[in-house]
Amino acid sequence: MTNDYILEMENITKEFPGVLALDDVQLKVRRGTVHALMGENGAGKSTLMKTVIGIHQPTKGTIKWKGKEVVIENTNHALSLGISMIHQELSPIPYMTVAENIYLGREPVNKFGLVDHKKMEKDTEELLKRLDIEIDPKAKMAELSIANTQMVEIAKSISYNSDLIIMDEPTSAITEKEVDNLFKIINKLRSEGVAIIYISHKMDEIFKISDEITVFRDGKYIATELAENLNHDKLVQLMVGRELKQVFHKEEAEIGDVILEVKNLTRKGYFEDVSFNVRRGEILGVAGLMGSGRTEVMECIFGVTPKDSGEIFINNEKVDIKTPEDAIKHKMALLTEDRKLTGLYLMLSVEDNMIIANIDEYKKGIFLDKKKINEACEEGIEKLSVKTPSKEQIIGNLSGGNQQKVLIARWLLTQPDILILDEPTRGIDVGAKAEIHKLMSKLAQQGKAVIMISSELPEVLGMSDRIMVMHEGRKTGELMRGDATQETIMHLATGKKQ
Amino acid sequence: MERSRKMKAKTEQLFRKYGIFFIFIGMVVLMSILSPAFLKVGNLLNVVRQISVIGLIACGVTMVIITTGIDLSSGSVLALSAVVAASFAQRADWASKMYPNIDVPLIVPILAGILVGVLCGAIVGIIIAKTKIPPFIATLGMMIVARGAALIYSDGRPISSLKSSYNFIGQGKVLGIPFPIIVLVVMAAITHVLLTNTKFGKYVYAIGGNENAAVVSGINVDKYKVLIYTYAGMLSGMAGIVLSSRISSGQPGLGVAYELDAIASAVIGGTSLNGGIGKITGTIIGALIIGVLNNGLDLLNVSAYWQQIVKGVIIVAAVILDERKNRGKK
Amino acid sequence: MERSRKMKAKTEQLFRKYGIFFIFIGMVVLMSILSPAFLKVGNLLNVVRQISVIGLIACGVTMVIITTGIDLSSGSVLALSAVVAASFAQRADWASKMYPNIDVPLIVPILAGILVGVLCGAIVGIIIAKTKIPPFIATLGMMIVARGAALIYSDGRPISSLKSSYNFIGQGKVLGIPFPIIVLVVMAAITHVLLTNTKFGKYVYAIGGNENAAVVSGINVDKYKVLIYTYAGMLSGMAGIVLSSRISSGQPGLGVAYELDAIASAVIGGTSLNGGIGKITGTIIGALIIGVLNNGLDLLNVSAYWQQIVKGVIIVAAVILDERKNRGKK
Amino acid sequence: GCAGKKEEQAEEGKGKKIKVGVSIASFDDTFLMYMKDGMEEYAKKLGGEVEATYVDAKDDAIKQLAQVENFVAQGVDAIIVVPVNTEATGPMTQACQEANIPLVYVNRLPDNLPEDVVFVGSNSIDAGIFQMEYLAEKMGGKGNVVILMGKLDNEAAIKRTEGVKKVIEEKYPNIKVTKEQTGEWSRAKGMAVMENWLASGDKIDAVASNNDDMALGAINAIEAQGKLGEILVAGVDATPDALAEIDKGRLDATVFQDAEGQGSGAMEAAVKKVKGEKVQNRVWIPFQLVTPENYKEFMK
Ligand SMILES: Nc1ncnc2c1ncn2[C@@H]1O[C@H](COP(=O)(O)OP(=O)(O)OP(=O)(O)O)[C@@H](O)[C@H]1O
Ligand SMILES: Nc1ncnc2c1ncn2[C@@H]1O[C@H](COP(=O)(O)OP(=O)(O)OP(=O)(O)O)[C@@H](O)[C@H]1O
Ligand SMILES: [Mg+2]
Ligand SMILES: [Mg+2]
């Protein structure tokens with residue numbers, strides 16, 4: 001490895017009102033390497049990257065680009081220097097086409113100064129083809145799945161032909177197949193001398209792709225090591241500052257009666273004829289590729305969307321769930337897949353976010369009982385060890401992991417018997433992930449039924465008692481804990497019958 | 001360093017939270033320096049009484065805006081409720097009485113006025129909840145329709161010669177305090193408690209904060225939308241009663257463009273047009289700022305044309321000075 | 001399964017895309033059945049000429065709304081530009097001329113009127129871009145200030161006796177087509193091309209669709225916001241010229257509440273108050289719907305009071321019937 | 001010279017200037033602006049003795065009440081009001097009486113007017129009567145009349161329209177009011193309504209407009225249809241614009257209301273009241289019909 005640094009950041013400090021996000025950190029990236037940036041939620045990874053791309057100005061510190069000190073004034077400046085970025089928060093422009101999104105800000109024009117849509121679409125088509133991504137350049141972003149949205153962002157960042165590409169959690173919304181594709185692209189870029197800063201909470205990816213790893217903790221620089229000198233446990237220890245051994249906290253629970261039974265559930269155009277059940281004390285994993293209809297099934301059971309046919313039984317009694325209100329009355333809870341879209345009230349406090357689903361519990365006459373609310377919130381914060389300055393904090397200011405914990409707390413406060421968790425650990429760091437897993441085990445032990453949708457096969461394998469697999473809106477099979485392997489699941493998930 | 005940073009953050013937060021209040025105080029101080037008449041008790045009561053109508057409407061509008069809605073119908077609904085209420089409150093001895101043979105107790109016109117507001121609000125709410133059309137259009141429609149209804153009901157003429165018991169609502173005093181002020185204070189307090197301390201209030205913020213999430217949290221969003229617009233309609237109805245009794249006459253042309261002042265009060269007071277954020281205290285201060293401006297500029301003898309220029313500039317300046325920038329992109 | 005879903009989606013999309021157009025056609029058919037005079041060429045030209053002013057404003061407003069903004073100042077800016085333009089277009093022989101000693105060519109009042117619009121728009125744009133206050137407040141401020149300025153400039157009086165060359169803009173015909181229609185068609189076409197075929201247009205949609213994404217893609221959002229409001233101001237200025245020349249008089253009270261009609265046109269035409277969505281073709285159809293309503297109800301001799309009720313109901317009904325529900329929560 | 005000086009000193013000693021608060025229904029109303037001119041001129045004539053504040057009630061009765069209350073709080077010496085609504089003056093009258101401040105209403109006659117309150121103005125219904133009588137005569141006692149009304153709830157619109165209809169009902173059985181619609185006092189709206197009416201193809205013989213601005217709009221529309229001269233048009237107010245149109249033979253008649261006379265009369269009454277001089281409490285300033293025969297008298 002050469003000592004040819006393309007980016008050198010030293011003594012970087014970044015303050016937000018009331019928050020010291022980065023405290024004297026450093027990061028040095030060599031040409032032609034993949035440099036992983038690791039740390040728990042809120043460690044300051046994204047913040048540092050935003051100073052590189054010109055969204056934030058560091059409060060203190062120097063940035064050297066190709067050996068020369070620079071002040072990166074804005075995104076345009078960064079782009080012109082040869083730096084581009086895939087942002088952690090996907091930010092598509094929903095009603096514009098894929099091509100328009102990719103070439104936003106540098107649209108090709110014809111000799112009249114008008115935008116040359118044909119050329120733009122052709123260029124996009126070529127770009128996507130080169131990257132092996134199958135998306136229609138003329139499709140509106142709003143019509144794409146999250147996975148495809150993410151692929152477009154990836155394509156966009158590459159289309160700048162930059163010397164440094166920052167990838168802030170590029171795989172949070174895509175499955176193995178697309179990840180493999182991304183890695184192929186990264187390898188090719190690396191061989192062309194492009195440097196990549198790679199941020200992810202998925203450990204296996206880090207060891208697969210990175211050359212060097214820098215670790216941050218609580219806004220402070222901890223270490224930079226060659227990837228080959230680290231292993232999973234060592235890296236985790238650097239990140240969390242303590243030892244964190246076992247990956248999955250699956251504990252035995254007593255499996256009881258069937259509590260939820262779904263029979264021939266159909267919602268035309270989304271899924272068809274889905275039947276399954278789940279028992280008290282059981283964790284039912286639901287696996288499948290992107291768009292296999294898992295989310296839709298669960299939303300339908302929960303009354304978010306209407307069903308066309310099929311029956312649902314709870315404790316062997318047929319129930320008619322038309323709205324989430326009904327579902328909650330039947331002691332169900334649904335942690336949705338998209339935190340921002342269907343979970344969080346971003347501008348409301350932690351407290352309001354926590355109590356909203358069972359507010360009737362806190363009523364005293366027509367008013368709310370502040371004391372009861374306080375107690376409940378404190379319990380929630382403590383039980384899930386949510387890191388927040390206070391329960392009055394606006395939830396938008398918490399890190400993603402902590403936001404997720406608040407949402408879980410919201411549903412635990414409703415005292416549910418059946419918990420549906422859709423991608424409960426997406427974008428969440430190892431520490432928090434372990435805690436959520438531990439909690440799932442505990443809930444099962446208390447006799448609750450847990451349904452967990454996850455796109456991470458290791459998680460599904462590690463946590464489930466039983467695994468249901470879906471493909472294109474149909475259930476393709478069910479595997480018991482002992483029988484399931486990555487291969488058997490993928491077999492079913494790609495549509496081959498059991 | 002950690003400490004001083006926190007201190008700084010705290011004061012910043014304080015200003016952020018109460019910024020518009022400080023700006024209001026600044027305006028009051030400035031006015032009382034410029035015009036000795038300003039701080040007289042009589043004049044101050046004037047200011048508050050003058051905003052009582054806008055204030056009432058603005059309480060409802062605040063709630064609507066918190067849910068990312070908007071209400072353009074307030075002024076017209078006010079007029080409709082004013083003519084209906086007035087038609088039941090005419091003096092028995094008045095020759096051109098609308099209902100010559102009916103003489104009803106005071107409670108009837110009051111209930112009638114409120115009922116009109118409630119009905120208009122409920123209709124708007126049901127349309128918005130059931131058809132999902134933008135509140136801008138639904139309330140614009142009601143704005144036009146209610147004005148037409150007020151004109152038809154009253155045949156375009158003022159409904160006058162109201163009973164003195166009815167006029168007391170707008171003109172009377174209790175312990176030296178004008179009754180409209182009491183109405184405003186009571187309704188603002190109720191709305192404040194409703195928003196901060198009840199399930200209904202929490203749902204209002206939740207619907208405005210993230211409607212999708214609200215559905216998943218088990219909130220019957222449609223039902224609450226209907227309730228919210230109904231409540232706003234009720235307040236417009238009350239405003240119509242206060243206004244007509246204040247000028248002893250129910251007129252179909254009352255309240256034109258009041259919705260703009262009400263919305264402006266809410267936004268100046270920190271309510272976000274993007275929803276999820278807003279407080280009644282802020283709205284009342286917003287209304288007071290507009291009231292002090294109207295009153296103060298008259299006191300200072302600023303010429304009518306220039307008043308508009310000064311008023312426009314000060315409203316914008318107040319919001320710019322207030323730290324809570326970006327309380328809504330609109 | 002996949003396939004039939006796509007088919008259904010396609011026809012749905014068709015109606016979604018052109019729904020309001022079908023509703024408009026429906027209205028036209030209904031009107032021509034109810035009133036034989038409606039479909040006469042002369043009357044149809046009437047309808048379009050009558051919406052030319054609202055249409056001009058609405059083109060700018062559409063652009064502003066696409067960026068999640070709002071423009072309440074259009075009507076007042078129109079008035080200011082009308083009085084300024086008129087003051088330079090008075091007949092030389094008129095006794096009470098505002099500038100008795102100045103006689104300037106036609107281009108001067110036109111440029112002056114447009115310049116006024118451009119300036120007002122630019123000021124609003126700069127305030128919004130630099131201070132990040134809600135456009136609602138910034139344009140509300142300009143609405144009040146510009147009206148005041150128009151009153152001061154004209155001293156509250158109409159500026160009349162305009163040159164016939166100036167009056168041609170509003171009253172003349174070219175090849176039998178009223179000139180205001182030509183102005184509208186040209187400006188609507190320019191705005192349409194601007195929005196669909198230029199970088200500027202792409203950035204308008206990008207800013208409205210996702211301002212963060214626009215920033216991250218290196219777009220100078222502030223600069224474009226200033227340009228957008230300036231463009232809208234320019235169109236209001238042109239509308240002022242057309243209107244004053246149409247009535248041969250620049251009056252400070254012109255255009256009151258026109259902004260509401262313009263916003264309604266845009267929203268009826270499918271522009272989302274949440275930003276990112278909107279088309280000039282839709283807006284023009286929205287304006288035509290309002291125009292056909294006004295014209296048709298007069299033709300049908302619907303009484304003045306009832307007109308309001310019918311108009312309100314039909315606007316709401318049109319938007320409900322149009323499939324593109326939820327084009328903006330507001 | 002010496003005596004004059006003494007007088008001046010005496011006056012200064014007597015107190016400050018006379019402060020008069022004036023609330024005008026709407027500054028957007030051209031007619032009322034000419035009336036304001038009359039007040040200003042009269043005040044100027046008195047030479048610095050009077051300090052008048054003019055506020056715009058923006059056609060909002062409540063705003064006007066607030067303005068009067070503000071004047072009272074401010075301690076002005078007299079108040080002049082052009083009421084937005086003649087049936088909503090009670091509380092204003094009361095506020096002034098309680099504070100013992102002389103009050104003068106101008107132009108529009110309040111429904112409820114105590115003896116000690118001054119009124120200067122005319123009777124709105126007369127404008128409609130004069131206008132329609134002239135039109136009817138010119139029409140030869142038969143034909144179709146359309147009415148362009150002001151803002152629907154304004155008393156001037158209601159009363160003037162009433163006047164027009166009264167003439168027809170009482171004297172002309174062969175004249176029919178075929179259409180009536182609001183032009184909201186504005187030239188642009190008046191023009192649009194007239195365009196639509198003309199497009200309907202129905203026969204129109206005369207237009208009775210509640211004010212001149214709408215009448216001028218109607219004339220524009222008529223001219224565009226090439227029907228100038230075929231349809232009679234009459235307005236109210238005799239604004240300079242309207243007189244110029246009569247001069248050109250395009251407008252047939254208007255009704256003059258002495259705006260400046262009302263304005264100066266009101267100011268005079270207010271000042272006299274303050275000084276304790278005797279004032280007539282009802283000052284009627286009648287309307288006058290303006291026709292091509294006599295319009296020159298009204299041009300300044
Ligand atoms: N605009 C901001 N204003 C205030 N605080 C902020 C802002 N942006 C980030 N922070 C805070 O700075 C800290 C670092 O956040 P950052 O987003 O960089 O973390 P991260 O390492 O990327 O975490 P994750 O893995 O969850 O993405 C957090 O405490 C966060 O709350
Ligand atoms: N609102 C919608 N409108 C149209 N199609 C939709 C909608 N929501 C989901 N779909 C489609 O329905 C299918 C099932 O999607 P769903 O999100 O349930 O899949 P999933 O298995 O949960 O996948 P993921 O891993 O992405 O969550 C997909 O083809 C998706 O594109
Ligand atoms: Mg991050
Ligand atoms: Mg899913």
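Chain identifiers are assigned alphabetically (A, B, ...) following the order of the sequence lines, protein sequences preceding nucleic acid strands; residue numbering begins at 1 within each chain.
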Rounded distance [0.5 Å steps], CG in D261(C) versus CG in L140(B):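 Going from the CG atom of D261(C) to the CG atom of L140(B) covers 8.0 Å.
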
Which of [options] touches chain B most, by non-hydrogen pairs under 4.5 Å:
options                            : result
I263(C), T139(C), V313(C)          : I263(C)
D155(C), V64(C), L72(C)            : D155(C)
A150(C), A146(C), G156(C), A138(C) : G156(C)

Does some side-chain heavy atom of T68(B) sit less than 4.5 Å from a side-chain heavy atom of N274(C)?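 A side-chain contact under 4.5 Å is absent here.
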
Report yes if the side chains of T131(B) and V319(C) come closer than 4.5 Å at any heavy-atom pair, otherwise no. no

Under 4.5 Å from a heavy atom of chain B, the part of M142(C) involved: neither

Looking only at non-hydrogen atoms, find the nearest pair between P134(C) and V267(B) and report the distance.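 Minimum heavy-atom separation between P134(C) and V267(B): CG-CG1, 4.1 Å.
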
With a 4.5 angstrom heavy-atom cut-off, is it the side chain or the backbone of L151(B) that approaches chain C, or both, or neither?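 L151(B) touches chain C through backbone and side-chain heavy atoms alike.
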
Is it the side chain or the backbone of I127(B) that comes within 4.5 Å of chain C heavy atoms, both, or neither?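 Just its side chain gets close to chain C.
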
Please name the residue in the list V316(C), L260(C), I315(C) that meets the side chain to side chain contact (heavy atoms under 4.5 Å, CB included) test with I144(B).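 One option only clears the test, and that one is I315(C).
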
